[in-house]
Amino acid sequence: MTRVTEKGQVTIPKSIREELGIRPGDEITFVETEQGYVVRKEVDESRFEKWRGVADTDDTVRDRMAELRDTR
């Protein structure tokens, strides 16, 4: 249970933040349902896009995974 502050703020309990993967700076929405409101973490559709091209290698994924697993 949490209380609303005078500024309308609430603290999301740590266990819920961890379960939803909510980190500082993340955006959440409150969605109305028949049972009440649901807190939903907004997920950037391109969350993997920021990593595109980061690997500085010409290896295939299979070669890179073998290297990471030290099975080459």
Side-chain angles (χ1 to χ4, degrees):
M1 184 67 78
T2 187
R3 293 188 188 270
V4 178
T5 69
E6 289 182 17
K7 292 183 177 182
Q9 299 170 329
V10 296
T11 299
I12 302 170
K14 183 178 180 183
S15 60
I16 294 173
R17 292 192 317 264
E18 289 174 346
E19 185 173 338
L20 295 176
I22 296 174
R23 301 190 190 292
D26 285 348
E27 294 183 5
I28 60 170
T29 58
F30 296 88
V31 180
E32 187 174 10
T33 68
E34 291 181 12
Q35 292 79 28
Y37 281 87
V38 173
V39 175
R40 182 170 293 149
K41 176 182 172 180
E42 290 299 311
V43 178
D44 181 7
E45 294 297 325
S46 62
R47 67 180 183 222
F48 297 108
E49 191 63 33
K50 69 180 179 180
W51 299 106
R52 186 179 300 279
V54 172
D56 193 17
T57 182
D58 291 326
D59 289 346
T60 65
V61 172
R62 180 172 287 167
D63 291 341
R64 184 68 177 128
M65 293 307 293
E67 178 183 341
L68 291 171
R69 293 180 179 132
D70 198 28
T71 58
R72 275 191 176 187

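These numbers come from a predicted model, not from an experiment. For the numbers below, each heavy atom of this structure counts, side chains included, while hydrogens, waters and symmetry mates do not. For this chain, numbers begin at 1 and follow the sequence in order.
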For Leu20 and Lys41, which heavy atoms make the closest approach, and how far apart are they?
O-CD, 3.5 Å
Can you hop from Ile22 to Tyr37 via hydrophobic side chains spaced under 4.5 Å?
yes
Ile16 with Phe30, same ILVMFWY side-chain cluster at under 4.5 Å:
yes
Looking at every heavy atom in both Thr2 and Thr11, which two are closest together, and how far apart are they?
OG1-O, 3.2 Å
Rounded to the nearest 0.5 Å, what's the gap from CE on Met65 to CD on Glu67? Could you check?
11.0 Å
Applying salt bridge (charged side-chain N to carboxylate O under 4.0 Å, His left out), which residue pairs with at least one partner in residues 14-24 are found, sequence neighbours left out?
Lys14-Glu18
Say whether, by atom type as modelled, one donor and one acceptor occur between the side chain of Thr5 and the main chain of Lys7 under 3.5 angstrom.
yes
